[in-house]
Amino acid sequence: MHVQTGFIVLLCLMGFTCAEPVKFKDCGSATGKVTIVDISPCPVQPCQLKKGGSYTVNVTFTSDELSQTSTAVVHGVIAGVPVPFPIPNQDGCKSGIQCPIQPQQTYHYINALPVKTEYPAIKLVVEWELRDDNKKDLFCIRFPVQIVS
Ligand SMILES: *[C@@H]1O[C@H](CO)[C@@H](O)[C@H](O)[C@H]1NC(C)=O
């Protein structure tokens, strides 16, 4: 671990609000490109999501096109099987993005990731898509998480 990373982890563990860039995989962004994914709080990776907790996801992306709308679709991928993962607000235009989305513009998509108490304590992969007017993915990202009690 880098000295700097260790320092950041220490600050986060001490209770500072930290938005750490998480390692993500692109799963087919078609009309945009993701540069940074922040999850807060997430001092160690994969992010440990506590049951009953709420986390903030901040996806920085650049759009290639004009889109009036944007709709988020979130799945939890458990043993390769995508299961719908409900989020409070699916409307990307009400999640930090000012619509219409303009081409070559950078946006921060901000949303809450609530973790229900009835979720099992398992590792899974979160797949987060933001779809444009034509239901194409402005972005599609995957990142691993671990649900903990
Ligand atoms: C989202 O992340 C970007 C890039 O790290 C940052 O500049 C921006 O301030 C963040 N926005 C919020 C609301 O956290």
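Every number for a ligand or one of its atoms is a count from 1 in the order of the listing.
Looking at Ile110 against ligand 1, only its side chain comes within 4.0 Å, counting heavy atoms.
Remark: ligand 1 atoms within the under-4.0 Å shell around heavy atoms of Thr60 are 2 (O), 3 (C), 4 (C). With ligand atoms numbered from 1 in the order given, ligand 1 contributes 2 (O), 5 (O) to contacts under 4.0 Å with heavy atoms of Asp38. Each of the atoms 1 (C), 2 (O), 3 (C), 8 (C), 10 (C), 11 (N), 12 (C), 14 (O) of ligand 1 lies under 4.0 Å from some heavy atom of Asn58.
For the side chain to side chain donor-acceptor pair (under 3.5 Å) criterion with Thr31, the lone passing option out of Asp64, Asp133, Asp137, Asp132 is Asp132.
Between Tyr109 and Phe139, the ring-plane angle classifies as perpendicular under the 30° and 60° cut-offs.
Residues Thr106 and Thr62 bring a donor and an acceptor atom of their side chains to less than 3.5 Å of each other.
Side-chain contact check for Ile101 versus Ser70: some heavy-atom pair is nearer than 4.5 Å.
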